[in-house]
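Presented below is the structure to which this report refers.
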Amino acid sequence: MELTRTIQFYFRQPSLSGITVSELEKAVSRYPYCGPLHLLLLKKQVQERHPDLQKQFEKTSIYFPNSFLLNELLRAPEAPPKVKPAATP
């Protein structure tokens with residue numbers, strides 16, 4: 001899941017580092033059924049070691065019932081690395 005486009009669409013910022021937790025909380029309250037916004041808020045709270053981290057993890061896990069996928073998305077870098085196509089002989 002590429003969250004960079006979600007960040008650019010909702011916040012007009014190039015990455016998650018340009019957004020505050022309060023901005024993400026406002027977006028989640030405005031769009032409560034948007035799973036990617038919940039995930040972005042959780043990622044930001046993990047980065048900043050926010051005190052509401054456990055509460056947000058429980059909310060986000062509702063939108064991502066596969067706990068392995070959720071953990072992978074939390075550990076994934078913001079943008080996936082660009083892969084160059086193989087050179088043709």
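Of all the heavy atoms in Ser17 and Ser15, the pair that sits closest is OG-OG, 2.8 Å. The heavy-atom pair separating Phe11 from Leu37 by the smallest distance is CE1-CD2, 3.9 Å.
Pairs passing the ring-ring contact (aromatic ring centres under 6.0 Å, His included) check and including a residue from residues 23-55, sequence neighbours excluded, read Tyr10-Tyr31, His38-Tyr63. Applying the salt bridge (Lys or Arg N to Asp or Glu O under 4.0 Å) test to pairs two or more places apart or on separate chains, those with a residue in residues 44-63 are Lys44-Glu48.
There is a path of hydrophobic side-chain contacts, each under 4.5 Å, that joins Phe9 to Val28.
One finds the OG1 atom of Thr6 at 9.0 Å from the CG atom of Leu39 (value rounded to the nearest 0.5 Å). Distance check, rounded to the nearest 0.5 Å: NZ of Lys26 to CD1 of Ile19 gives 13.0 Å. Ile7 contributes atom CD1, which lies 9.5 Å from atom CD of Gln13 (distance to the nearest 0.5 angstrom). Of the inter-residue distances, the one linking Cys34 atom SG with Leu40 atom CG reads 8.0 Å to the nearest 0.5 angstrom. Between the CG atom of Leu16 and the OG1 atom of Thr4 there is a distance of 9.5 Å, given to the nearest 0.5 Å.
Ser61 is linked by a side chain to side chain contact (heavy atoms under 4.5 Å, CB included) to Leu70, counting only residues two or more places apart in sequence or in another chain.
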